[in-house]
Amino acid sequence: MKSGTCPKCHGTEIYGNTGNPHGIVVDIWTVPWLKTILLVCTDCGYLEFYVEDEAKLAKLKEKFGKVEN
């Protein structure tokens with residue numbers, strides 16, 4: 001969706017909070033240091049979250065468990 005095209009329906013009506021990232025809520029607690037960008041396809045309703053600062057991904061690995069295949 002970062003490219004402006006929805007991976008689900010291939011629509012191009014993508015909107016998001018790119019200028020105003022927010023902290024993410026996990027279960028019942030907030031992770032304020034992990035600012036996320038929300039992108040939504042207004043053609044089909046599909047949405048994706050992205051971490052705004054990719055440098056925070058290393059910290060994320062320390063705080064959360066890896067999902068095993």
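Just so you know, these numbers use all the heavy atoms, side chains as well, and skip hydrogens, waters and symmetry mates.
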Asker: Please round to the nearest 0.5 Å and tell me the distance separating atom CG of D43 and atom OG1 of T5.
Answerer: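 With rounding to 0.5 Å, CG (D43) is 10.5 Å from OG1 (T5).
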Asker: Taking C-beta and beyond as the side chain, do V51 and L60 meet within less than 4.5 Å on heavy atoms?
Answerer: no
Asker: Quick one: SG on C44 to CD on E13, what's the gap to the nearest 0.5 Å?
Answerer: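 It comes to 11.5 Å.
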Asker: Taking all heavy atoms of M1 and all of I14, pick out the closest pair and write down the distance.
Answerer: SD-CD1, 3.8 Å
Asker: About how many Å separate NZ of K59 and CZ of F64, when rounded to the nearest 0.5 Å?
Answerer: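 Separation between the atoms: 10.5 Å.
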Asker: Between Y50 and E52, is any side-chain donor less than 3.5 angstrom from a side-chain acceptor?
Answerer: no
Asker: Any heavy-atom pair between the side chains of L47 and L39 that's under 4.5 Å?
Answerer: no
Asker: Could you grab the distance from atom OH of Y46 to atom SG of C41, nearest 0.5 Å is fine?
Answerer: 10.0 Å
Asker: Please check this pair: side chain of N17 against backbone of I37, looking for a donor-acceptor N/O pair closer than 3.5 Å.
Answerer: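 Flag not set: sc N17 to bb I37 has no pair under 3.5 Å.
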